Each structure stands twice: as C-alpha cells, then as structure tokens.
Number of protein chains: 2
Amino acid sequence: MSNVINESGILAISTRLQRLADSLRKDGQQIYKAHGIDFEPKWFPVIYTLYSKDTMSVMEIAAEIGYTHPSTISLLKELEKQKLIRSRKDKQDERKRLLTLSEKGQELVQQMLPVWKRMEKALTALTNTSNNLMAAIAEVEAQMEVKGFFERERGIR
Amino acid sequence: MSNVINESGILAISTRLQRLADSLRKDGQQIYKAHGIDFEPKWFPVIYTLYSKDTMSVMEIAAEIGYTHPSTISLLKELEKQKLIRSRKDKQDERKRLLTLSEKGQELVQQMLPVWKRMEKALTALTNTSNNLMAAIAEVEAQMEVKGFFERERGIR
DNA sequence: TAAAACTACGTAGTTAACTACATAAATACA
DNA sequence: TGTATTTATGTAGTTAACTACGTAGTTTTA
C-alpha cells in the first residue's frame, strides 16, 4: 500500500498525518460503542475542557481546544442536543454564553473515566516506539512556533 | 493555547495530528502561490504517482495513494478540469479508464521539481527533532498493522 | 456622551475526505 | 452458454473541519 507515496516521502507528510488521525478517530468511535457508551471522539476536547474548568464561554472553549469558534459552536449544539451540557447567558456580559456540563454530562464523564484510562494505555502502547509520536508532535509544534513551514521554505537558499 | 488538551494528553492525539496536517497543508498552499504555481497540495499524491508510473487506472491510483476510489475520482475530475491529466478507455478492458499526465501536467511537474526540493528541505528541518516525526508515523503505522487501537484497548486487563 | 472600534456569538456556504449504493463490463461456473 | 459473481467506475449524500460575513453588546475615545 502507498508505495509511491512512501517514496515521495516527507512531501506527503500531511496526507499521512491525516490518515493516521482518521483511523485513530474511527477506532475511538468503535471503542465507545463496544463499551455501550454513546459518545463521539470529536466531543472529547469540549467535554474534557468543561470537566476540567467547570464553566466557560464559547470563545474560551474555542481557544482552549484550538478550534475556530464556528466549529466550536457546532460541537456545542450537538452536545446540547445530547443534553450533555447546559448554557446560560452571562449576567455581567450579555454577549457571552456560559457552558457547563449537565448532570447527565457529569455522569457520562464518570462512566468514561475508566475507559479513558484504558484508551490511554492502548494509545501509549501503540505510539511508544523508538521515535515517540506524541513527543514528535510536540517538538514539531514547537518548531512551527519558532518558524513555520512557509517561512522556512522561503529561507532555503 | 490548548492547555487542557495538552494535559489530557494522548487522548487528544487524533485532534493534534489533524491540526498539524491542516497547518502544513495550508502552508503548502501558500508556498505554491508564492512561487506563482497554480497547484493544490491535495493534488500531490495523484500527480506524483502519475509522474512516477506514467499510466494507471482509477483503482490503481486509489490503491497507490491510499484513498477510497470516490475521493480519487473527485481529485481526478479536478485535475482533468485543470487539464493537468488526460484519460482514455482501456482497449483491453472497457471498464477501465487510464490516466496520464497531459503535456501541461508534465510541464508543471518540471516547474515544481525545484520547489518540491525546497519543500523537502524545509520539512526536514521542521520535523527532524529528537523524535523524528516521519519515523514516528512509520513506526506507529507498523504497530497498527500488528494490532490496531481497537484491538489493543479490548486487550487491556 | 455620541461615534468608532472591538469582542462574542451566530449563520451560510465551502472543502476534502468519507460511506453507501448503482451500473456496466469481465470472468467463473453449472 | 447463460447465469452468478467479481471488478471498475461512478453518483449521492454525509461529516467535521474551515472561511467569510453579519449582528449585538461592550469599551474606548474625541
């Protein structure tokens, strides 16, 4: 599979990253299902953020999970439909909408905590090879902060 | 940025991979534009494959680049619209459609070759940290072949 | 203190992949 | 040899992110 793409090497890195992300997300979906939990992997960043921080506005959540606010809003809509979160207007600033986990959301998190532990173990086993994937991602993210791909290419003599 | 997601660690790995893939693809777009080249990063796998193998059918290309055939077909459509590739029916097997680079496509590849070299250098500089990202991806892909995320989670005691 | 600028949120439409299903040609087999 | 199966391609609709743009509060400033 993918002989030419492997040969073309690093130029196809974005394709490879995408593919890996996809298959991990799909397996995640299957795992929740296998545990009888009605939860989508894409909801994790929002739910985990609200579990950690209790109450946040739309923009704060978006910044925290690193998504744009429209993407965040559509996730929040789904989560409200699932009754996993609740929202109310901020009395101090009427522009803001404050989000919290609902009772159902908190119960679901409690139910998921042991599954998250198992997933962590499985992912650690999967990715703890001689070049550690999580570490590599963090390192590349740091390199990008210093100087992005675009700037680097421009600087090649 | 993304404090809670970094804390939640490996569970958000698919989100992190996705985000990295996205920003590299976007920078890629900018780089082509900066060189006055009318080319989308997503076209790279197909174009590079046809450049290497000369003539291939739809299914062969899909298998080669690791995409589903509908995704491949829609890429091929765009590329035909751009007149970068040409297609003809296979005389031996009337079901098959054979694709090749057009003259314009071959010229564009020649124009892109030096840019690809520069991109390779920039990407190598960006990703060659102590945990090498390309190596890490290859290692994790190999681990997934042995045993996927789903099977591993199921096996946790 | 009214106008300008900014911030928070929302909607519409796009993108780039996917799955599910349909059709036509080629091949296998009863 | 005609029917069933497989293979190659195509279409329709979905998904999960995005950008662009609009509106309504809040804050700054002339």
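First the proteins, then the strands, lettered A, B, ... as listed; each starts at 1. Worth saying up front: this structure is predicted, and the values here are computed from it rather than measured.
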[X] has an atom [atom1]; how far is it from atom [atom2] of [N], in whole Å?
X	N	atom1	atom2	answer
A:R25	D:dA16	CZ	P	6 Å
A:R19	C:dA17	CZ	P	10 Å
B:L99	D:dG10	CG	P	9 Å
A:I73	D:dA20	CD1	P	17 Å
B:L75	D:dG10	CG	P	13 Å
B:D90	C:dA25	CG	P	14 Å
A:K89	C:dA8	NZ	P	14 Å
A:K42	C:dC18	NZ	P	17 Å

Any heavy-atom pair between the side chains of A:R97 and A:R88 that's under 4.5 Å? no
Find out if a path of hydrophobic residues (ILVMFWY) with successive side-chain heavy-atom gaps under 4.5 Å connects B:I37 to B:F44. yes
Side-chain N or O of [X] closer than 4.0 Å to phosphate OP1/OP2 of [N]:
X	N	value
A:Y67	D:dC18	no
B:K26	D:dC18	no
A:S71	D:dA16	no

Reading DNA chain D from 5' onward, which residue's closest nucleotide shows up sooner: A:H69 or A:E94? A:H69
On DNA chain D, compare the nucleotides closest to A:T72 and A:K91; which residue's is nearer the 5' end? A:T72
Please tell me whether [X] and [Y] have a donor and an acceptor in their side chains that are separated by less than 3.5 angstrom.
X	Y	answer
A:H35	A:Q30	no
A:T68	A:S71	yes
A:R86	A:S102	no
B:T129	A:Q143	no

A:K104 NZ: over 12 foreign heavy atoms closer than 6.0 Å: yes
Please list, pair by pair, any protein nitrogen or oxygen found under 3.5 Å from a nitrogen or oxygen in nucleotides 4-8 of chain D.
| from | atom 1 | to | atom 2 | distance (Å) |
| --- | --- | --- | --- | --- |
| D:dT7 | O2 | B:R95 | NH1 | 2.8 |

First of A:K77 and B:E78 reached from the 5' end of DNA chain C, by closest nucleotide: A:K77
